[in-house]
Number of protein chains: 2
Amino acid sequence: MRWQDYESDSCSIARALASLGDRWTVLILRDLFNGVHRFDELLDHLGVSRDVLSRRLAAMVEDGIVERRPYREDGSRPRSDYHLTPAGRELQPVLIALLHWGDRHRATEDGPPTRLEHVGCGGEVGLRLTCSEGHDVARREVANRPQAGARLRTRVSA
Amino acid sequence: MRWQDYESDSCSIARALASLGDRWTVLILRDLFNGVHRFDELLDHLGVSRDVLSRRLAAMVEDGIVERRPYREDGSRPRSDYHLTPAGRELQPVLIALLHWGDRHRATEDGPPTRLEHVGCGGEVGLRLTCSEGHDVARREVANRPQAGARLRTRVSA
DNA sequence: CAGTATCCCAAGCGATACTG
DNA sequence: CAGTATCGCTTGGGATACTG
């Protein structure tokens, strides 16, 4: 059975992209990971318009990757800020993978502005492919195998 | 120095997204990884329009992540198909990270249609965070530290 | 400060027709 | 088969003004 025989939309990559697919979502996530949580700080740092940021955050809340937290500082009006949900935090590997690729293939002359550090030891953080049997896995040793229950395409023609 | 003080656009994630940011690019990469290389096969499997696929592929070639390979089968007219460049192949971790997240958080009742296998041993392939000192790294132990040469924002106001 | 509402524009997409 | 050209539409985005 070939890969083409499986419905494109049922693929988990396609489904993940439905949550991340537009121009700003990933950058918002990045800033949330980096400790920017207030509306106007995001606005300022991202350079996005108020309107779009508002719509994007609402969509991300709806989608379960961001939550809105109301709070009140003593004496001042109630505020809210935005934090990653557990599902949102699990997108960290996606961001790290993007970061590494960008570092390697899209760096400026100045080099990347930041570096991912292992807190404590100070080593540089990277991603490694491993398998459930404990092996290290090389890029070419990865195969995408059909599973039981996979949804086949309904052929339109022929 | 806070993260906000760094220019959003100089971040490697932002730069990587410039290559991957639109709706179809990642899905095309996915199909190329899975052995779909001909124009009409991609067309058929992705459900994208001819026009958009043509423009996307051209942009990806321009961008250095896909290459076009002309070939000729005996007796028939010359053809070409599309393959990942080395830079394109290095996007594999991004796709794998998306796949895992989709598996975990966006699966259908049927479960994911495919499974990433370590060729040979048959184990399931996963991503792990490691550091250059050889430690395993937990999610919360990752810090994004400024580097020398990082580009600061030119403050517009105040 | 933290948004929502309104309005307009441009890019991206799809359908279709056409070419080598 | 493998595209390019044309067209019209939809959607996402920006600017601005308004509200609690």
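Side-chain atoms are counted along with the backbone in the values below, which use heavy atoms only and exclude waters and symmetry mates. Residue numbers begin at 1 in each chain, while the letters A, B, ... track the order of the sequences.
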Participant: Give none if C:dG20 has no partner; otherwise give the nucleotide forming a Watson-Crick or G-U wobble pair with it, both distances under 3.5 Å.
Facilitator: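 Across all strands, the one nucleotide that pairs with C:dG20 is D:dC1.
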
Participant: When rounded to the nearest 0.5 angstrom, what distance separates CG in A:L17 from CZ in B:R106?
Facilitator: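 Interatomic distance, A:L17 CG to B:R106 CZ, rounded to 0.5 Å: 11.5 Å.
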
Participant: For the pair made of CG in B:D44 and C1' in D:dG3, what is the distance, rounded to whole Å?
Facilitator: 16 Å

Participant: Compare side-chain N and O positions of A:S80 against OP1 and OP2 of C:dC1 and report whether any pair is under 4.0 Å apart.
Facilitator: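 The answer is no; no side-chain N or O of A:S80 sits under 4.0 Å from OP1 or OP2.
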
Participant: May I ask you to say whether A:R50 pairs ionically with A:D40, meaning some side-chain N is under 4.0 Å from a carboxylate O?
Facilitator: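 Judged by the 4.0 Å cut-off on N to carboxylate O distance, A:R50 and A:D40 do form a salt bridge.
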
Participant: Between N or O atoms, less than 3.5 Å apart, protein on one side and nucleotides 18-20 of chain C on the other: list the pairs.
Facilitator:
residue, atom, partner, partner atom, Å
C:dG20, N2, B:R77, NH2, 2.4

Participant: Do the side chains of A:L46 and B:Y6 join up, straight or via other hydrophobic residues, at under 4.5 Å, putting them in one cluster?
Facilitator: no

Participant: Do the side chains of A:L129 and B:V119 join up, straight or via other hydrophobic residues, at under 4.5 Å, putting them in one cluster?
Facilitator: no

Participant: Can you see which heavy atom on B:H45 is nearest to which on A:Q4, and at what distance?
Facilitator: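 Distance-wise, the nearest heavy atoms are CD2-O, 3.2 Å.
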
Participant: Which base, if any, makes a Watson-Crick or G-U wobble pair with D:dT6, both distances under 3.5 Å?
Facilitator: C:dA15

Participant: When the ring planes of B:H37 and B:H83 are compared, do they come out parallel, tilted or perpendicular, using 30° and 60° as the limits?
Facilitator: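 Taking B:H83 first and then B:H37, their aromatic rings lie parallel (interplane angle under 30°).
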
Participant: Check whether any side-chain N or O of B:T85 sits under 3.5 Å from a backbone N or O of B:G64 as a donor-acceptor pair, and report yes or no.
Facilitator: yes

Participant: What integer distance in Å separates A:H37:NE2 from C:dA2:P?
Facilitator: 13 Å

Participant: Between B:R128 and A:R128, is there a donor-acceptor pair closer than 3.5 Å when you use the side chain of the first and the backbone of the second?
Facilitator: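 Looks like no, no N/O pair under 3.5 Å.
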
Participant: Counting N and O atoms only, with roles assigned by atom type, does the side chain of A:S132 sit under 3.5 Å from a partner on the main chain of B:E124, one being a donor and the other an acceptor?
Facilitator: yes

Participant: Once you round it to whole Å, what is the distance between P of C:dG12 and CD1 of B:I28?
Facilitator: 14 Å

Participant: Write down the distance between CG (B:L53) and C1' (D:dG3), rounded to a whole number of angstrom.
Facilitator: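 The answer, rounded to whole Å, is 10 Å.
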
Participant: Select one nucleotide: of D:dG3, C:dA2, D:dC1, the one nearest the side-chain heavy atoms of B:Y82.
Facilitator: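 Closest of the options to the side chain of B:Y82: D:dG3.
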
Participant: List every contact pair, protein side and nucleotides 10-14 of chain D side both N or O, where the distance is under 3.5 Å.
Facilitator:
residue, atom, partner, partner atom, Å
D:dG13, N7, A:R55, NH2, 3.1
D:dG14, O6, A:D51, OD2, 3.2

